[in-house]
Chemist: 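Okay, here's the structure, questions in a sec.
Residue numbers begin at 1 in each chain, while the letters A, B, ... track the order of the sequences. Note that the structure is predicted; figures quoted are calculated from it, not measured.
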2 protein chains.
Amino acid sequence: MKCIGQSSEEKIKEAARKVFLKKGFDGTTSRDIANEAEMNIALTNYYFRSKEKLFLEIFKDLLNLYFQDTVNIFNKDIPLREKLIESVDHTFEMVRKEPDLVIFIMNEVHKAPERLIPDINFLRQIKNTRLSQQLEEEAKRGNIRPISVENVLPMLCGYIQFIFMGKNIHMKAFEVTEEQFVTYADEHKNIVKDMIINYIFLPK
Amino acid sequence: MKCIGQSSEEKIKEAARKVFLKKGFDGTTSRDIANEAEMNIALTNYYFRSKEKLFLEIFKDLLNLYFQDTVNIFNKDIPLREKLIESVDHTFEMVRKEPDLVIFIMNEVHKAPERLIPDINFLRQIKNTRLSQQLEEEAKRGNIRPISVENVLPMLCGYIQFIFMGKNIHMKAFEVTEEQFVTYADEHKNIVKDMIINYIFLPK
DNA sequence: TAATGTTTTAAATGTTTGTTTAAATTATCT
DNA sequence: AGATAATTTAAACAAACATTTAAAACATTA
């Protein structure tokens, strides 16, 4: 086996990841992927059997990228306040690095949830993280409002993710550049953190 | 002209709207639309010249549905606090009635913003609504934190919209039914309202 | 009723789609 | 070097695609 650089299989997977993220499953053709990878069309099927199989493999990776770190943070052994802030910061970094990821996941799951169920199942761990316990404990102690992890999750992830999903709309509506948008998003991130802490924690 | 029921043109447009909302532009074929409308395939092009033209016409209507009422509320002559609450409530009703609308708009704009620019331009009115003035005035008076309409907009629309965009993911992750989801969404709506008011308005 | 204009139809258009084939090339091993 | 296996290629495949055609069916008006 030639071991200089990437293998053809890796090249195709990386190209497919890039194109799927940008155009979605329906908007992507096998030829798009082959072109991006600079490889012969037949190789897609030689290595992955079908466009669908290749997609599912990539989707699994991307869903993992979308959620795994968040689950890990939720399970960290750190104070609640710190954990909330770290979660928001992580969400921000994640969507900044991979701006197409959230809308991609949302859209594919929205269009055909059934075929992705095996992958989605791993999201169930969210319910049983250390964060859930902390929310219960702190509420019992009267330190925070009683609130479920179901309602905290969108605060920590969704509010930031939404800003980036609507990036193009925002840029057109408010006539700003990409650079200005990032500044705005960062500003909003700080507001979100303040607002969450302000809401969840009760005054002593 | 026969005037019983809908005209063929209306039937096709309504069918196309339904299918585009569900499957997006790339995922929709001319035959899907013709089947949904129970009409001959050729009629799509007879009335609308092309799939693209039909799509653009429908997209315009849907973007209007997505934003017009919000702009109107922003321009209403009512107190700020009331306006914020009404905006959140309206967003909730809008996405509840048309659950596919938000992800559809987000995704189409995300994939090809250029071709939709003429339609998106009308979003610019957001910047110059009565709400913007109110935010400035109330901040000057020391009643609220200084905050721009750019940062209030996602609070009033995005936070609720995100919940519904991730509906399928939520239902799988937390193993709940559609009915339970709506209950959850309603609960979160109230949290959002409390949280926004709590954050924006300063204690006297 | 005959002539005219509009709407609907079945069939065909030429592309593009995902996938396969079989030959050509390259690498691996004895 | 020669045999064997793995990879890559150009070409072809049928199916699905958006769109067009020309004739048929319908409605309208003179």
Chemist: So which nucleotide from D:dA18, C:dT8, D:dT8 ends up closest to the side chain of B:Ser8?
Modeler: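 Nucleotide nearest to B:Ser8's side chain: C:dT8.
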Chemist: Just how far, in rounded Å, is P of D:dT20 from CZ of B:Arg49?
Modeler: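 The answer, rounded to whole Å, is 9 Å.
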Chemist: Whole angstroms only, please: what is the CG-P distance between A:Asp26 and C:dT16?
Modeler: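 After rounding, the gap between these two atoms is 19 Å.
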Chemist: Once you apply a heavy-atom cut-off of 4.0 Å, does A:Thr44 come out as touching a base, just sugar-phosphate, or nothing?
Modeler: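 Answer is nothing: A:Thr44 stays at 4.0 Å or more from every strand.
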Chemist: Which residue, A:Asp32 or A:Asn40, contacts DNA chain C at a nucleotide closer to its 5' end, judged by nearest heavy atom?
Modeler: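 The answer here is A:Asp32.
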Chemist: Using heavy atoms to find the nearest nucleotide of DNA chain C for A:Thr29 and A:Ala42 separately, return the residue whose nucleotide is more 5′.
Modeler: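 Nearest-nucleotide comparison on DNA chain C picks A:Thr29.
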Chemist: On the nucleotide C:dT17, are OP1 or OP2 found under 4.0 Å from the side-chain N or O atoms that A:Ser30 carries?
Modeler: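 Checking C:dT17 against A:Ser30, no side-chain N or O comes under 4.0 Å of OP1 or OP2.
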Chemist: Whole-Å distance between C:dT7 P and B:Asn45 CG?
Modeler: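 Atom CG in B:Asn45 sits about 16 Å away from atom P in C:dT7.
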Chemist: Would the B:Phe92 and B:Tyr159 ring centres measure less than 6.0 Å apart?
Modeler: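 No, the ring centres sit 6.0 Å or more apart.
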Chemist: Checking all strands, does A:Phe48 fall into the base, sugar-phosphate, or nothing category for heavy-atom contacts under 4.0 angstrom?
Modeler: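 Here A:Phe48 touches no strand at all.
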Chemist: Return yes if a side-chain donor-acceptor contact under 3.5 Å exists between A:Thr183 and A:Asp186, otherwise no.
Modeler: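 No, because no side-chain N or O of A:Thr183 sits under 3.5 Å from a partner of the opposite role on A:Asp186.
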Chemist: Expressed in angstrom and rounded to an integer, what is the separation of B:Ile12 atom CD1 from D:dT19 atom P?
Modeler: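 My rounded result for the distance is 13 Å.
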Chemist: When you measure from the centre of the six-membered ring of A:Phe48, is the NZ or CZ of A:Lys53 closer than 6.0 Å and no more than 45° off the axis?
Modeler: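 Here A:Lys53 fails the 6.0 Å and 45° test against A:Phe48.
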Chemist: For B:Ser50 and for A:Leu43, locate the closest nucleotide of DNA chain D by heavy-atom distance; then report the residue assigned to the nucleotide nearer the 5' terminus.
Modeler: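 Final value for this comparison: A:Leu43.
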Chemist: Ring of A:Phe25, cation from A:Lys51 - is the NZ or CZ under 6.0 Å from the centre and inside 45° of the axis?
Modeler: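 Checked: cation-pi criterion met.
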Chemist: Between A:Lys23 (NZ) and C:dT16 (C1'), how many Å, whole number?
Modeler: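 Rounding to the nearest Å, NZ of A:Lys23 and C1' of C:dT16 are 13 Å apart.
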Chemist: How close or far is atom C1' of D:dA6 from atom OH of A:Tyr47, stated in whole angstroms?
Modeler: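 The distance from OH of A:Tyr47 to C1' of D:dA6 comes to 8 Å, rounded to the nearest Å.
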Chemist: Round to a whole Å and report the spacing from CD1 of A:Ile41 to C1' of C:dT17.
Modeler: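 The answer, rounded to whole Å, is 10 Å.
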Chemist: Tell me if the side-chain of B:Arg31 makes a donor-acceptor pair with the base of D:dA16, cut-off 3.5 Å, by modelled atom types.
Modeler: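 Such a pair does not exist between side chain and base.
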Chemist: Quick check on C:dT8: is either OP1 or OP2 less than 4.0 Å from any side-chain nitrogen or oxygen of B:Tyr46?
Modeler: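 Negative; the distance criterion is not met.
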Chemist: May I ask you to check whether B:Tyr199 and A:Tyr199 place their ring centres under 6.0 Å from each other?
Modeler: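 So the answer is no for these two rings.
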Chemist: What is the distance, to the nearest angstrom, from the CZ atom on B:Phe20 to the C1' atom on D:dA18?
Modeler: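 In whole Å, D:dA18 C1' lies 12 Å from B:Phe20 CZ.
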